[in-house]
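Excluded from the calculations below are hydrogen atoms, water molecules and symmetry mates; all remaining heavy atoms, backbone and side chain alike, are included. Remember, it's 1-based here, ligands and their atoms both numbered in the order they're listed.
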Amino acid sequence: MQNTFALRGNLVYTPACGELALHPHSYLVCENGALAGIFDTLPARYAGIPVEDHGDKLILPGLVDLHAHAGQFAYRGLGMDLELLDWLEQNAFPEESKFADPHYAEAAYRLFADALTRSATTRFCLFATLHRPATLRLMALLEAAGLRGFVGKVNMDRNSPDTLRETTAESLAETCRWLEESADFAHVRPMLTPRFIPSCTDEMMAGLGRLQREFGAPMQSHLSENLSEIAWVAELCPGTRFYGEAYARHGLFGGACPTVMAHCVWSGEEERALMKENGVFIAHCPQSNMNVSSGIAPVRQFLREGQHVGLGSDVAGGAHLSIFRAMTDAIQASKLRWRLVDQDLPALTMPEALYMATKGGGAFFGKVGSFEPGYELDAVVLDDAALPTTRPCTLAERVERVVYLSDGQPCAKYVAGRRLF
Ligand code: GUN
Ligand code: FE
């Protein structure tokens, strides 16, 4: 039985939103990169397969970062006293301009790829910058690290500094070339990435819509994040009833175009109805929403409506790359929203946050984010012995402590059945 092995340890996952499945000291069998099953004792048919015994440690599905900016990692934790649009102009755009220099890009993306590799994140949707060569280099680093996910060359042809703007024709031609060159990568795939509507003309969006249909690539962008941004979009796109229409009218809002929209803090009923109808994934990024004063997204509402919801670090709007941190931020922000804004939307729970961090966001990648049979085996092994306590804890409590207290770095990590460390 080649390509078959088992992990042993305390297995925890979320088969449904809010539901924790707990398998103490159990075996998880992986065949050809996918999960064959979970067993108390190893069945006779698997006798003799290699067993990686992780003792009393916790084993969780790999976490999913549905929205982050690799090109902003180097300045995370800096410049956090501004609201979104000023923050973009004064921090994000000057930093991203530096990626025109291949030496700078190499150094910054190496730092990012190393940090992501050591983290509990196994899958991702990332913004690079608008620079094609640097974006390809980021994809190569992530692929070499054994990680899987999507990366986008950013498109910007208006309302951006001279150092971070392409002409429409140039941007579309570079995007087309980048999509062709990305064929070199097996597991880190390209994703169309118009930055947001204020950065992209109608001609650009129409061109990206054509490229989407030609290449079948998924897309990602920002949606209804901040009130000043939304007012600006309404001015830039007269005739649209809501922000999402500015994407939808170019075929870039779910449906045949798998789509991740970051934030959706202020998405109204019509926008949410279209997201639901088209299966748009929402990347909830609570820390960024607090840092750049955007607000608190109504995540309970999203879940009730049956929207696809995952979590995003949104580095560097979010200062922390850890999706464990995004889980606790999501729970805490939802408590404030319930207390201060809307008592009809109860706070999120730890099992719900774990679901969004794993199976919720993982669904964008196929069968990812759970330990159910047939799922790709993404797993992280966590050692809570490093967080000693005098209190005896149940398995569920141990998971909660690790999420709240650890820096999120696993001691072993598997992506699609391959052990990275
Ligand atoms: N909207 C457009 N660009 C960005 C960005 O880089 N970060 C965040 N948080 N929002 C954006
Ligand atoms: Fe973002």
Residues Arg249 and Glu245 bridged, charged N to O under 4.0 Å = no
Taking C-beta and beyond as the side chain, do Val415 and Glu376 meet within less than 4.5 Å on heavy atoms?
-> no
Which atoms from ligand 1 have a heavy atom of Ser288 less than 4.0 Å away?
-> 9 (N)
Sum of protein N, O or S atoms, each under 2.8 Å from the Fe ion (ligand 2) = 4
Mind checking whether Phe93 contacts ligand 1 via backbone (N, CA, C, O), side chain (CB onward), both or neither, at a 4.0 Å heavy-atom cut-off?
-> neither
Tyr104 ring center near Phe99 ring center (under 6.0 Å) | yes
Distance from atom 3 (N) of ligand 1 to nearest protein heavy atom, with residue and atom | Arg195 NE, 2.8 Å
Pair His67, His284: side-chain N/O donor-acceptor within cut-off below 3.5 Å | no
Could you tell me whether Arg158 and Asp202 have a side-chain N and a carboxylate O separated by less than 4.0 Å?
-> no
Going by the atom numbers of ligand 1, which of them fall below 4.0 Å from some non-hydrogen atom of His263?
-> 9 (N)
Hey, is Asp314 touching ligand 1 through its side chain, its backbone, both or neither, going by heavy atoms under 4.0 Å?
-> side chain
Hey, are Glu203 and Thr168 close enough side-chain-wise for a donor-acceptor pair under 3.5 Å?
-> no
Ignoring hydrogens and angles, write down the donor-acceptor pairs under 3.5 Å from the side chains of residues 274-282, residues two or more places apart or on other chains.
unit_1	atom_1	unit_2	atom_2	d
Asn278	ND2	Phe253	O	2.8

Does Arg123 pair with Asp378 as a salt bridge, N-O distance under 4.0 Å?
-> yes
Is there a heavy atom of Leu88 sitting under 4.0 angstrom from any atom of ligand 1?
-> yes
Nearest heavy atom to atom 8 (C) of ligand 1, choosing from Glu229, Glu95, Glu225, belongs to Glu225
Using the ring-ring contact (aromatic ring centres under 6.0 Å, His included) rule, take Phe73 and Tyr109 through it: C-alpha gap first, then chi angles, then the decisive distance, then the call.
-> CA-CA 8 Å; Phe73 182 73; Tyr109 281 154; 9.9 Å; no
Just jot down the ligand 1 atoms closer than 4.0 angstrom to any heavy atom of Phe196, in number order.
-> 1 (N), 2 (C)
Passes side-chain contact (heavy atoms from CB on, under 4.5 Å), Val299 versus Met356? Steps please.
-> CA-CA 10 Å; Val299 180; Met356 291 191 290; 3.7 Å; yes
Report yes or no: does Phe127 have a heavy atom closer than 4.0 Å to ligand 1?
-> no
